[in-house]
Amino acid sequence: MEELIFGKLSFHDIPYDNPIIMATLGGSSMLLLCIGILITYHGKWSYLWREWFTSVDHKRVGVMYIVLAMVMLLRGFADALLMRTQQALAEGGAQGYLPPDHYNQIFSAHGTIMIIFVAMPFFIGLMNIIVPLQIGARDVAYPFLNSVSFWLTASSGALVMLSLGLGNFSHAGWSGYPPLSEKHYSPGPGVDYWIWGLQLGGVGTLMTGINFFVTILRLRAPGMTMMKLPIFSWAILVTNVLIMLSFPVLTVTLALLAMDRYLGMHFFTNHMGGNLMMFTNLFWIWGHPEVYIVILPAFGMFSEISATFSRKPLFGYTSMVYASVAISTLSFVVWLHHFFTMGAGANVNAFFGIATMVIAVPTGVKVFNWLFTFYRGRIEFTTPVLWTLGFIITFCIGGMTGVLLSVPAADFQLHNSEFLIAHFHNMLIPGAMFGYFAGYTYWFPKVFGFKLNEKWGRLAFWLWIVGFYLAFMPLYALGFMGMSRRLVHYDNTHWQPYLVIALAGTILIMGGIVCQIVQLAVSMRHRDALRDTTGDPWDGRTLEWSVPSPPPAYNFAHIPQVTHRDEFTALKKSGRVAAVLPYLPIHMPCNSILGPIIGGLTFTLGFALVWYIWWLATVSLVAIIGAVIARSWNQHTEYEIPALEVAAMERALRHPPVTSAATAPPSPLAFEH
């Protein structure tokens with residue numbers, strides 16, 4: 001009876017014997033309790049529910065994505081700090097402080113969290129906020145679907161976080177290769193947490209890809225042809241094509257692995273007629289496009305920033321577009337370089353090695369275009385520009401090491417070494433995270449109506465970039481010296497100084513994260529002095545800067561007519577910015593409680609599947625289906641903002657009282673019936 005009710009769950013699954021985990025759980029619980037008390041004290045629960053949790057406004061959904069990414073960044077970075085400290089200490093007779101089992105969970109969780117729950121939500125959040133504004137749309141094509149996508153991602157992240165204190169996480173690495181991820185070698189709930197965290201979050205991401213693909217193709221402002229599309233929106237369009245083509249592969253792969261574990265099938269067990277190399281191929285057919293899914297949006301951000309702060313159009317716009325398309329196409333023909341060492345054969349390795357070298361060409365085109373954009377420009381060295389310049393220099397180092405690894409003979413020597421760890425961090429931290437930090441700083445005043453503090457932003461940048469070089473350059477040397485990756489302990493005393501330097505770099509990066517938190521707090525405290533009253537604090541070039549900061553719920557009182565690639569710059573030069581047109585009623589989507597409800601049910605479904613609680617899984621699945629059906633019958637999904645109310649809101653936004661800070665009036669709210 002107990003197994004029928006609780007499945008495999010018991011009190012023994014709480015890791016009482018691990019002081020690191022229990023201390024982390026205690027600290028996290030106290031922090032959550034304090035946050036809950038503060039929200040209750042200030043009476044903000046109803047405000048959060050009405051204005052945020054149930055909102056389908058793309059801007060608010062985007063902010064929630066970024067908050068999720070920041071929270072998961074703290075967890076993912078904590079894992080990195082634990083690993084680096086362990087490796088700096090565990091030399092010779094010293095065993096360090098992490099048992100091997102816990103260490104394996106940490107590096108598996110670190111990779112999963114940083115890729116799926118930090119990088120993905122971060123760029124999706126910025127994409128949500130900016131793309132509709134850039135293309136002159138009032139919202140995304142499917143606002144309700146956008147809310148559901150966020151809550152699926154958030155519930156999946158919560159499921160992964162739960163594994164810290166209930167059961168354990170996967171020991172099989174973030175890529176989950178069989179046979180280690182099969183039931184025989186990983187009988188506990190760890191791999192199941194990994195499967196359902198990726199699976200349910202992947203469904204949300206796939207829905208987001210479809211949503212924004214349709215949004216960009218169908219909701220562009222009149223006159224905005226594809227070759228007048230802002231370069232960031234182009235990068236997002238290509239990224240969402242990659243999402244739509246690659247994430248179904250991940251969905252099928254995880255489903256097959258789940259059937260191996262739950263139903264006793266043998267898709268990936270060699271001794272029972274399966275093929276574990278099939279998993280590896282399928283995983284990296286998704287996994288390598290995933291690398292460009294997280295990097296291409298950052299490329300778009302760097303392009304917008306380099307043009308804005310050079311005070312000139314982006315150099316080589318057309319070549320940038322074609323380079324993005326070329327990268328997305330080639331990303332599907334390079335996956336096998338992730339396992340050159342697994343016996344595919346010389347001819348196959350040669351093909352994929354050449355393809356990997358070729359993909360560096362369109363990436364190089366982009367680097368030269370950014371440099372030529374800066375060339376002879378009137379450059380303003382703001383924090384976003386510093387992130388961009390730091391990226392260009394550091395990313396080129398990672399690119400050159402990637403070309404080295406594309407040679408199969410070299411890869412045979414370096415593949416399973418710390419050199420590879422240094423390489424892919426060299427691509428993903430400058431290539432993705434620096435771009436997101438640049439975009440976050442650049443568009444922050446558009447979202448919240450005030451700039452971020454420059455002093456703290458610059459300090460964060462320097463700590464991040466110096467910390468990055470100290471943390472990862474020694475790993476290149478260790479790779480050449482023969483140090484394998486994922487080592488919890490080593491006997492070679494010559495490696496320890498390099499690992500101590502790497503730990504010092506990780507601590508500097510932690511200082512950079514602390515500075516970013518302080519920057520946000522200081523900026524909020526001094527927001528009146530940092531207020532953006534114009535809507536255009538950077539002298540921007542694209543349409544998002546033509547509306548007030550923060551924008552109203554409807555974005556544009558009048559849908560713009562686009563005539564130029566840099567439309568807002570053309571408007572400012574022509575003097576047509578202040579054109580007066582009659583206001584008309586605007587139809588907007590209603591808030592919906594079904595987004596967070598479906599997210600909560602998804603969490604319980606994932607939890608039930610991890611612990612084999614079949615009655616709860618059945619109830620959760622039926623409830624999700626019921627919620628979807630209920631939504632399909634709802635006829636009241638929109639409300640109207642009258643023309644007089646639009647006019648009043650526009651006057652308040654564009655001509656704020658002199659005695660008070662310019663803030664957007666509360667957005668009109670309506671809930672679905």
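Start at 1 with the first residue, then count along the sequence.
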Donor-acceptor pairs are to be reported for all side-chain atoms of residues 242-253 against protein atoms at under 3.5 Å, with residues two or more places apart or in another chain.
residue	atom	partner	partner atom	Å
S246	OG	L242	O	2.7
T251	OG1	F247	O	3.0
T253	OG1	V249	O	2.7

Atom pairs and distances, side-chain donor-acceptor, residues 154-169, under 3.5 Å, sequence neighbours left out:
residue	atom	partner	partner atom	Å
S155	OG	W151	O	3.1
S155	OG	L152	O	2.9
S156	OG	L152	O	2.8
S156	OG	G201	N	2.8
S163	OG	V160	O	2.5
N168	OD1	G190	N	3.2

Side-chain donor-acceptor distances from residues 61-68 under 3.5 Å, at least two apart:
residue	atom	partner	partner atom	Å
Y65	OH	F150	N	3.2

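Listed by chain and number, the residues in a side-chain contact (heavy atoms from CB on, under 4.5 Å) with H266 are T269, M272 (sequence neighbours excluded). With sequence neighbours excluded, the residues forming a side-chain contact (heavy atoms from CB on, under 4.5 Å) with V610 are P189, D192, Y193, W196, listed by chain and number. Every residue meeting the side-chain hydrogen bond (donor to acceptor under 3.5 Å, both in side chains) condition with T394, not counting sequence neighbours, appears here in chain and number order: Y469. When the side-chain contact (heavy atoms from CB on, under 4.5 Å) test is applied to A410, the partners found at least two apart in sequence or on another chain are L404, V407. Not counting sequence neighbours, F267 has no partner by the ring-ring contact (aromatic ring centres under 6.0 Å, His included) test. I115 is linked by a side-chain contact (heavy atoms from CB on, under 4.5 Å) to W174, E290, L428, counting only residues two or more places apart in sequence or in another chain.
The aromatic ring centres of F391 and F395 sit less than 6.0 Å apart. Aromatic ring centres of W286 and F283 lie closer together than 6.0 Å. Aromatic pair F437/W464: centroids less than 6.0 angstrom apart.
Screening Y490, Y103, Y498 against Q87 for a side-chain hydrogen bond (donor to acceptor under 3.5 Å, both in side chains) leaves a single residue, Y103.
Counting only residues at least two apart or in different chains, salt bridge (Lys or Arg N to Asp or Glu O under 4.0 Å) contacts with residues 61-83 comprise R75-D79. For residues 174-189, no residue pair satisfies the salt bridge (Lys or Arg N to Asp or Glu O under 4.0 Å) rule, not counting sequence neighbours. Pairs engaging residues 107-119 under the salt bridge (Lys or Arg N to Asp or Glu O under 4.0 Å) rule: none recorded [sequence neighbours left out].
For the 3.5 Å distance criterion, the side chains of H337 and H288 qualify, holding a donor opposite an acceptor.
The backbone N or O of G176 lies less than 3.5 Å from a partner atom in the side chain of S181, making a donor-acceptor pair. Judged by distance alone, with hydrogens and angles left aside, the side-chain atoms of T112 form no donor-acceptor pair with the main-chain N or O of A109 at under 3.5 Å. The backbone N or O of Q413 lies less than 3.5 Å from no partner atom in the side chain of S417, so there is not a single donor-acceptor pair.
Both the sub-6.0 Å distance and the 45° axial angle are not jointly satisfied by K366 relative to the ring of F299.
Under the 4.5 Å side-chain criterion, counting only non-hydrogen atoms from C-beta, S186 is in contact with R261. The closest side-chain heavy-atom distance from Y476 to F472 is not below 4.5 Å. I20 places a side-chain heavy atom less than 4.5 Å from the side chain of L98. For the pair I21 and H102, the minimum side-chain heavy-atom distance is below 4.5 Å.
Summarising the local packing, CZ of F340 is surrounded by more than 12 heavy atoms from other residues, nucleotides or ligands at distances under 6.0 Å. Crowding of M278 atom CE: a count of heavy atoms from other residues, nucleotides or ligands under 6.0 Å not exceeding 12. Atom OH of Y185 has 12 or fewer neighbouring heavy atoms from other residues, nucleotides or ligands inside a 6.0 Å radius.
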